[in-house]
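Taking it in order: structure first as structure tokens, then the write-up.
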Protein chains: 2
Amino acid sequence: MLTGVFAALADPTRRAILTRLKDGDATVAELAAPFSMSQPAVSKHLKVLEQAGLISRSQRATARLSHLEAEPLREAIGWLMDYRAYWAESFDRLDDLLDDLKEQP
Amino acid sequence: MLTGVFAALADPTRRAILTRLKDGDATVAELAAPFSMSQPAVSKHLKVLEQAGLISRSQRATARLSHLEAEPLREAIGWLMDYRAYWAESFDRLDDLLDDLKEQP
DNA sequence: CGCATCCTTAACCATATGGTTCTGAAACCA
DNA sequence: TGGTTTCAGAACCATATGGTTAAGGATGCG
């Protein structure tokens, strides 16, 4: 599943879509608007994101809303965190980062 | 550059290579050993990892050592952390996670 | 020098990926 | 009913990806 998540994140369009979805659910047309790309292309990206578990989609009702599901991102971070001891950054600064994360929820 | 990092991480073989490199530098033959895969295939994976900045390679001397460079992983975490407010996990548990990270360096 | 070792490069192949256009289904509107 | 809107699916195409085998360059050793 990590494979699917990282593969989904490897595409800039898909990362932009996820970023957009932080502002709230959106229709396919809304998600497609910023890109010089056909609507079916965006639909394909949404399918990839859905299969990676990164979005869910509400039943169509003339429009079809995409909703951010960030849980797989937590799993990805879990994997990445195992490498924190190998970052060049000092542990003092790592502590600062972690403090920051706790302070600005 | 995030694109390259996530693309590199999308392959299970490459993730396993990175994991192996946490135990120390290794030759191509050592890295190839665990996989039922030709050695040139592993060389290709190493090239991908190198281009993503995830490994560096010492000058050959009959052997060629790969060395883990975890800095890009920190950048990847930086991107992912922007989604922490959308995790299903409660913030209390997030705090626990962050505490754990600070305690077991 | 001659040869073995370690690894890269080249050529090739099958499949995956990211895009297109065209078609069509499902729900609303008049 | 019929048209419009919103989106997905199919067919297609070019290129990228992940693997193979075969060949060759660089280093160390007898």
Side-chain angles (χ1 to χ4, degrees), chain A residues 1-21 23-69 72 76, chain B residues 1-21 23-69 72 76:
Chain A
M1 39 250 67
L2 269 186
T3 295
V5 172
F6 283 133
L9 296 178
D11 186 277
T13 301
R14 288 193 289 262
R15 288 200 302 280
I17 288 173
L18 291 179
T19 299
R20 162 63 184 81
L21 288 177
D23 292 337
D25 298 355
T27 66
V28 175
E30 285 166 352
L31 293 173
F35 305 104
S36 56
M37 187 184 306
S38 67
Q39 169 265 314
V42 173
S43 278
K44 280 195 187 181
H45 283 303
L46 293 176
K47 194 185 215 175
V48 172
L49 289 170
E50 187 176 27
Q51 287 174 344
L54 287 165
I55 65 170
S56 58
R57 308 171 86 176
S58 62
Q59 303 303 330
R60 59 159 54 246
T62 205
R64 196 169 180 192
L65 290 180
S66 292
H67 176 79
L68 178 62
E69 299 287 347
Chain B
M1 44 247 64
L2 269 186
T3 295
V5 173
F6 283 133
L9 296 179
D11 186 279
T13 301
R14 288 193 290 263
R15 288 200 304 277
I17 288 173
L18 291 179
T19 299
R20 162 63 184 79
L21 289 176
D23 292 337
D25 298 355
T27 66
V28 175
E30 287 166 351
L31 293 173
F35 305 104
S36 56
M37 188 184 304
S38 68
Q39 174 265 320
V42 172
S43 276
K44 279 197 188 180
H45 283 304
L46 292 176
K47 194 185 220 176
V48 172
L49 289 170
E50 186 176 27
Q51 288 175 344
L54 288 165
I55 66 171
S56 59
R57 307 170 86 177
S58 63
Q59 303 303 329
R60 59 158 55 245
T62 204
R64 197 169 179 193
L65 290 179
S66 293
H67 176 79
L68 178 63
E69 298 288 348

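Below, chain A is the first sequence line, B the second, and so on; all start at residue 1. Predicted model, so just to flag it, every value in this text is computed and none were measured. Values below: every heavy atom of this structure, side chains too, minus hydrogens, waters and symmetry copies.
Legend: residues meeting side chain to side chain contact (heavy atoms under 4.5 Å, CB included) with B/Glu30, ordered by chain and number and at least two apart, are B/Arg20, B/Ala26, B/Thr27. Remark: A/Thr19 engages B/Tyr83 in a side chain to side chain donor-acceptor pair (under 3.5 Å) (not counting sequence neighbours). Under the side chain to side chain contact (heavy atoms under 4.5 Å, CB included) criterion, A/Thr62 pairs with no residue at all, not counting sequence neighbours. Among residues two or more places apart in sequence or in another chain, the side chain to side chain contact (heavy atoms under 4.5 Å, CB included) test is passed with A/Ala10 by B/Phe6, B/Ala7. Partners of A/Gln39 under the side chain to side chain donor-acceptor pair (under 3.5 Å) rule, at least two apart in sequence or in another chain, are A/Ser43. The side chain to side chain contact (heavy atoms under 4.5 Å, CB included) search around B/Ala32 returns B/Val42, not counting sequence neighbours.
Secondary-structure annotation of DNA chain D gives the stems C:1-30 with D:1-30, with a stem taken as at least 3 successive Watson-Crick or G-U pairs whose two distances both fall under 3.5 Å.
For residues 1-15 of chain A, there are no salt bridge (Lys or Arg N to Asp or Glu O under 4.0 Å) pairs, not counting sequence neighbours.
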Sugar-phosphate means primed atoms, P, OP1 and OP2; the rest is base. With that split, encode nucleotides 4-19 of chain D 5' to 3' as B, S or - using protein heavy atoms under 4.0 Å. --SBBB--------BB
